[in-house]
Amino acid sequence: MAMKRLAIVAFLPLLPACGSDPVPGAQGGESGTYAVDTAGEGVSARMETADGTATMRSGADVPVDLPDGFTVYPGAQVTANTVFEEPGSKGALLTMEADAAPEAMIAFYRRQAEGAGVDLTLDMTTDSMRMIGGKASDGSPFSFTATPSADGPTTAQLMVGEAFD
């Protein structure tokens with residue numbers, strides 16, 4: 001459910017500032033209300049349906065709030081951050097840059113994912129990037145991608161969720 005909500009909430013900034021219409025992406029014409037705030041730095045969105053309230057904050061200055069067991073790569077600079085929360089789960093989509101090899105960053109996040117109980121089922125290397133991914137026993141998603149640059153820092157993206165009661 002978290003990923004469904006994340007996908008819905010991620011598209012809210014594309015909508016008008018306020019409304020009460022069928023929630024984008026909802027099945028069966030489910031209705032709810034949404035509000036998007038683009039004032040200040042970043043974007044905030046709030047969606048309310050019969051299932052509860054989902055919130056999303058996105059921007060370079062949004063405070064990092066990663067699930068338990070995950071941290072920002074040492075020395076990395078966060079360039080974009082999106083955090084979301086809904087009843088029973090939360091997560092983050094974090095983009096960062098670091099003066100580190102993709103392999104070192106992959107090893108760092110592999111240890112964190114395994115320590116958090118993530119079953120890693122994806123390990124991919126291409127000419128242009130490295131990626132690992134999987135799910136925790138509660139179904140929460142995890143992925144980490146690192147893309148090297150010939151003349152600058154490695155750009156990386158961490159997507160991780162966490163279920164709670």
Side-chain angles (χ1 to χ4, degrees), residues 1-15 24-25 35-47 54-86 88-164:
M1 183 157 133
M3 288 309 295
K4 175 183 166 191
R5 288 255 194 251
L6 176 60
I8 292 169
V9 173
F11 289 106
L12 287 178
L14 304 175
L15 300 173
V36 177
D37 180 6
T38 57
E41 297 188 23
V43 174
S44 296
R46 179 182 183 91
M47 179 177 67
T55 60
M56 186 259 329
R57 293 178 50 210
S58 185
D61 295 325
V62 170
V64 174
D65 184 15
L66 296 172
D68 292 340
F70 293 93
T71 60
V72 174
Y73 188 83
Q77 177 181 351
V78 174
T79 58
N81 184 26
T82 300
V83 294
F84 74 92
E85 187 168 345
E86 65 177 351
S89 66
K90 71 176 188 174
L93 176 62
L94 185 69
T95 303
M96 63 189 109
E97 293 181 342
D99 291 326
E103 293 76 17
M105 296 180 82
I106 289 286
F108 178 83
Y109 282 105
R110 179 183 302 281
R111 285 189 301 274
Q112 287 195 350
E114 290 172 345
V118 173
D119 179 24
L120 293 172
T121 56
L122 173 68
D123 188 338
M124 183 171 67
T125 302
T126 70
D127 291 343
S128 60
M129 65 95 178
R130 288 270 293 126
M131 179 179 189
I132 57 174
K135 287 186 179 182
S137 60
D138 64 10
S140 297
F142 164 83
S143 71
F144 179 76
T145 305
T147 306
S149 171
D151 58 351
T154 295
T155 300
Q157 190 170 66
L158 171 66
M159 193 276 301
V160 61
E162 172 181 48
F164 54 87

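All values below come from the heavy atoms of this structure, side chains included, with hydrogens, waters and symmetry mates left out.
- Counting heavy atoms from C-beta outward, M56 and T82 have side chains that approach closer than 4.5 Å.
- When every heavy atom of P67 is checked against every heavy atom of K90, the shortest pair comes out as CA-CE, 4.2 Å.
- A heavy-atom distance below 4.5 Å is found between the side chains of L122 and M131.
- When all heavy atoms of T154 and A146 are compared, the closest pair comes out as CG2-CB, 4.0 Å.
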Check step by step if side-chain contact (heavy atoms from CB on, under 4.5 Å) holds for L120 and R110. CA-CA 8 Å; L120 293 172; R110 179 183 302 281; 3.7 Å; yes
Do R130 and M105 pass the side-chain contact (heavy atoms from CB on, under 4.5 Å) test, and can you show the C-alpha distance, the side-chain angles, and the key distance before you say yes or no? CA-CA 9 Å; R130 288 270 293 126; M105 296 180 82; over 6 Å; no
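- A donor and an acceptor atom, one from each side chain of T71 and Q112, are located under 3.5 Å apart.
- Atom OH of Y109 is separated from atom CG of L158 by 5.0 Å, given to the nearest 0.5 angstrom.
- E86 approaches F164 most closely through the heavy-atom pair O-CZ, 4.2 Å.
- Residues D151 and S149 have side chains that bring a donor and an acceptor to within less than 3.5 angstrom of each other.
- Counting heavy atoms from C-beta on, the side chains of L66 and V160 come closer than 4.5 Å.
- Counting heavy-atom neighbours within 6.0 Å of E114 CD, excluding the residue itself, gives a total above 12.
- Under a 4.0 Å N-O distance rule, the pair D65/R57 does not qualify as a salt bridge.
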Checking side-chain contact (heavy atoms from CB on, under 4.5 Å) for the pair V64/V78: CA distance, chi angles, key distance, verdict? CA-CA 9 Å; V64 174; V78 174; 4.0 Å; yes
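- One distance of note links OG of S58 with CG of L93; it measures 7.5 Å at 0.5 Å rounding.
- Shown here for P63 and V83, the closest heavy-atom pair between the two residues is O-CG1, 4.1 Å.
- The distance from the CD1 atom of I106 to the CZ atom of R111 is 11.5 Å, given to the nearest 0.5 Å.
- Residues N81 and T95 have side chains not in contact (no heavy-atom distance under 4.5 Å, counting atoms from C-beta outward).
- Separating the OG1 atom in T79 from the CD atom in E97 is a distance of 5.5 Å, to the nearest 0.5 Å.
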Would you sort out whether F70 and F142 count as a ring pair (Phe, Tyr, Trp, His ring centres under 6.0 Å), showing the intermediate values? CA-CA 11 Å; F70 293 93; F142 164 83; 5.7 Å; yes
Apply side-chain contact (heavy atoms from CB on, under 4.5 Å) to T121 and K135, showing your working. CA-CA 8 Å; T121 56; K135 287 186 179 182; over 6 Å; no
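- Annotation for G161 and S140: closest pair O-CB, 3.3 Å, computed over non-hydrogen atoms.
- In this structure, CD1 in I132 is found 10.5 Å from OG1 in T125, a value given to the nearest 0.5 Å.
- Defined by atom type and a distance below 3.5 Å, a donor-acceptor pair is missing between the side-chain atoms of R46 and T55.
- Classification of the Y73-F108 ring pair by plane angle, with boundaries at 30° and 60°, yields perpendicular.
- Under the 4.5 Å side-chain criterion, counting only non-hydrogen atoms from C-beta, V72 is in contact with L94.
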